[in-house]
Asks: 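Encoded as structure tokens, here's the structure I'll be asking about.
Letters A, B, ... are given to chains in the order of the sequence lines, protein chains preceding strands, and every chain is numbered from 1.
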Amino acid sequence: MSGTVRVRIAPSPTGPLHIGTARTALFNALYARRHGGTYIVRVEDTDTARSTTAFEADILEGLRWLGLEGDEGVVVGGERGTHGPYRQSARTTRYAEVARQLLDAGKAYHCFCTPEALEAERAAREAAKLPPRYSNRCRSIAPGEAATRRAAGEPAALRFRIPDGPVVIDDLVRGRVEIDAATLGGDLVILRADGSPLYHFTVVVDDVDMGITHVIRGEDHLSNTPKHILLFEALGAPLPRFAHLPLILNADRTKMSKRKSQTALADYRAEGFIQEALINFLALLGWSTGSEDEVLSVGELEGRFDLDHVQRGGAVFDRARLEWLNGQWIRRLEPADLAARLRPFYDAAAADGRLGRPAGDGEIAALLPLIRERIQLLSAAVELTDFLFVAAPAVDPALLVPKRWDAATALAALEAARPILERGIGEGDPLLLEAEDPTEAALRGLAEERGWKAGDLFMALRVAVTGRTATPPLFDSMRLLGRAATLARLDAAAARLRG
RNA sequence: GGCGCGUUCGUCUAGCGGCCUAGGACACUGCCCUCUCAAGGCAGAGACCACGGGUUCGAAUCCCGUACGCGCUACCA
């Protein structure tokens, strides 16, 4: 039996939670849960210029919303676990300590090259059509001399000595990948001249300290993995297993980017995508169960997840498919749950004026059955039912007259229907969904009597009452609206037809 | 430029030598249901499995090459 699985997701708070980060987090969490392991959230904020606490909060909050809060690591409001600190900005002394070990062991050295000198070197190589690569020229500076220059105050970065030879990655997704260390670009800077540590170094130190057993991340890191492997070896640490996931792609098949796609998780949430659908969708982006099942809960995903079925080619983010899944999951929610998730959308609409007044809890509960089957996004519920919460809907007179009719017919229809509705629609009637409806029957009788298509009559009434041609079922809508409002809208529409 | 990875319907994918004249899902089209819109049901169109060579009695599945695409190539992460 191998040791307990420990995996991690290491977001960098230089932007809001990215859909790709969420997917990587999910795969790590699924892997950990499947194997009874531990899933860790580590914040990689060594780039102090671009990292912000606001982004960190967005990321942690987003992960929590997805149900992907770490078992260990940084969580909303703090940290948990015994391998911390889990924020790289709090680990600088540790990095300095490990860097010192490398220096003392002769595996790292001070580099006095100035940024300008490095830039010139790079330009020269490019002009000569050679791949960019550091010359390793400071390797030859004797340790004593380096110490003297350092003591004199000359700034120096610390470079890790890249050994010669091939590096083999035994990837759980891609198999054996061999890369020659000579193509890695020369000795690697691990500490900037100001002493701050760089990414490739911190990841490895952290993965070692945190006992990471499996590194599951995007394919964009595959080319950098040899650097990490060499660092693990230099530190005398056991190698974790690596698994590189296919990239999530823009429609043009380039790596998904903010520029070409909607990448912020929070934006999807704000649109009314729900957590269950996002999880389901993301899990199936680059992985499959090997079966034909498509709608899967996180529990089912946990039970089935494995790295064997991870796809190797990149996967285009298909929003239409996400929307379909969202509709599937909305329909699977318990009514009370759906109502609670709808609440903020109605509140927001009331606040910004899209609705004339706030929606009551009872009202949302009542309209649930009308919209449940009709929305793919939570936000769409508001548009479908806004007629219930406005004083008077804006009615386009042209829509009031069904195609086969003229204005006079429409007016006659509204007038004839009025007494039937006045009798049939009460204030606060319960819905009649699926049941035998005497009001509907009466109106059908009226239509037959006058030689109208019932559908035309209903459409005229629909537009008069809601202002729209696509709405939830007409009679249930009118009952929810109530008798007074229904009749008032009928009268208003009739007045427009007369005028 | 160098190095690496990848390539099955528009998209997500099943497939791990014969069950494939390639299956499912989304999207699309039509029909049914129906007061509109949905949801649901049924049907259809859609992939010569990137291309070219091998290996094999037999290849989408194994090997080699080519093309194309993507990623990486910082004192960013």
Asks: Between residues 186-205 of chain A and RNA chain B, which residues have a heavy-atom gap below 4.0 Å?
Replies: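 By residue number: A:V189, A:R192, A:A193, A:L198, A:Y199, A:H200.
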Asks: Counting only heavy atoms and a strict 4.0 angstrom limit, can you tell me which residues of residues 163-179 of chain A come near RNA chain B?
Replies: A:R174, A:V177, A:E178, A:I179
Asks: Could you measure between the two P atoms, the one in B:A59 and the one in B:A22, and give it in whole Å?
Replies: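 So the two P atoms sit 16 Å from each other.
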Asks: How does protein reach along nucleotides 30-40 of chain B, written 5' to 3' as B (base within reach of a heavy atom under 4.0 Å), S (only sugar-phosphate), or - (no contact)?
Replies: -----BBBBSS
Asks: Which donor-acceptor pairs under 3.5 Å do side chains of residues 309-317 of chain A form with protein atoms, sequence neighbours excluded?
Replies:
unit_1, atom_1, unit_2, atom_2, d
A:H309, ND1, A:D306, OD1, 3.4
A:H309, ND1, A:D306, OD2, 3.1

Asks: Does the cation-pi check pass for A:R468 over A:F387, that is, NZ or CZ under 6.0 Å from the six-membered ring centre and within 45° of its axis?
Replies: no
Asks: Looking at every strand, decide which applies to A:E44 at a 4.0 Å heavy-atom threshold: base, sugar-phosphate, or nothing.
Replies: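 Touches sugar-phosphate only.
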Asks: According to side chain to side chain donor-acceptor pair (under 3.5 Å), does anything in residues 188-199 of chain A pair up with another residue at least two apart or in another chain? List the pairs.
Replies: A:R192-A:S196, A:D194-A:S196, A:Y199-A:H221
Asks: Can you tabulate the close N/O pairs, meaning under 3.5 Å, that link protein atoms to atoms of nucleotides 14-16 of chain B?
Replies:
unit_1, atom_1, unit_2, atom_2, d
B:A14, OP1, A:S288, OG, 2.7
B:A14, OP2, A:Q311, OE1, 2.9
B:G15, OP1, A:H309, NE2, 3.4

Asks: For A:R418, which residues count as a salt bridge (Lys or Arg N to Asp or Glu O under 4.0 Å) partner, sequence neighbours excluded?
Replies: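 Counting only residues at least two positions away or on another chain, A:R418 forms a salt bridge (Lys or Arg N to Asp or Glu O under 4.0 Å) with A:E422, A:D491.
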Asks: With rounding to whole Å, what would you report as the distance between B:A60 and B:U21 at their C1' atoms?
Replies: 14 Å
Asks: With nearest nucleotide decided by heavy atoms, which residue, A:R133 or A:D45, maps closer to the 5′ end of RNA chain B?
Replies: A:R133
Asks: With a 3.5 Å cut-off and no angle check, do the side chains of A:Y86 and A:D206 form a donor-acceptor pair?
Replies: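 Checked: A:Y86/A:D206 side chains show no N/O donor-acceptor pair below 3.5 Å.
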Asks: Throw together a table of side-chain donor-acceptor distances under 3.5 angstrom for residues 14-24 of chain A, partners on residues two or more places apart or in other chains.
Replies:
unit_1, atom_1, unit_2, atom_2, d
A:H18, ND1, A:G20, N, 2.8
A:R23, NH1, A:L285, O, 2.6
A:R23, NH2, A:P246, O, 2.3
A:T24, OG1, A:G20, O, 3.0

Asks: What pairs with A:W405 under ring pair (Phe, Tyr, Trp, His ring centres under 6.0 Å), at least two apart in sequence or on another chain?
Replies: A:W452
Asks: Within the 4.0 Å heavy-atom criterion, would you say A:L247 contacts the bases, only the backbone, or no part of the nucleic acid?
Replies: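 Sugar-phosphate, backbone atoms only, no base.
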Asks: Using a strict threshold of under 4.0 Å (side-chain N to carboxylate O), is an ion pair present between A:D209 and A:R91?
Replies: yes
Asks: Could you pick out which residue, A:T14 or A:A320, lies toward the 5' side of RNA chain B when each is mapped onto its nearest nucleotide?
Replies: A:A320
Asks: Please say which of A:R404, A:R444, A:K403 ends up in a salt bridge (Lys or Arg N to Asp or Glu O under 4.0 Å) with A:D456.
Replies: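 It is A:R404; the other options fail the test.
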Asks: Kindly write out the residues that satisfy side chain to side chain contact (heavy atoms under 4.5 Å, CB included) with A:F345, not counting sequence neighbours, or none if the list is empty.
Replies: A:L378, A:S379, A:V382
Asks: Look at the side chain of A:D47 and decide which nucleotide, out of B:A77, B:C26, B:C3, has an atom nearest to it.
Replies: B:A77
Asks: For A:F112, check ring pair (Phe, Tyr, Trp, His ring centres under 6.0 Å) against everything at least two apart and list the hits.
Replies: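 None.
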Asks: Does a salt bridge link A:R319 with A:E323, judged by any charged N lying under 4.0 Å from a carboxylate O?
Replies: yes
Asks: Would you mind classifying the nucleic acid contact of A:G185 as base, sugar-phosphate or nothing, using non-hydrogen atoms under 4.0 angstrom?
Replies: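 Result for A:G185 = nothing.
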Asks: Using the C1' atom in both, what is the distance from B:C49 to B:G15, to the nearest Å?
Replies: 10 Å
Asks: Taking only the C1' atom of each, what is the distance from B:A39 to B:C32 in whole angstrom?
Replies: 14 Å
Asks: Side chain of A:S223, base of B:G71: donor and acceptor closer than 3.5 Å?
Replies: yes
Asks: Please list, in numerical order, the residues of residues 248-255 of chain A that have a heavy atom closer than 4.0 Å to any atom of RNA chain B.
Replies: A:R253, A:T254, A:K255
Asks: How far, in whole Å, is B:A77 from B:A25 if one measures between their C1' atoms?
Replies: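 Rounded to whole Å, the distance is 35 Å.
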Asks: Tell me which nucleotide among B:A77, B:C12, B:G2 gets nearest to the side chain of A:N224.
Replies: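 So the side chain of A:N224 is nearest to B:A77.
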Asks: Does the gap between the ring centers of A:F27 and A:W287 come in under 6.0 Å?
Replies: no
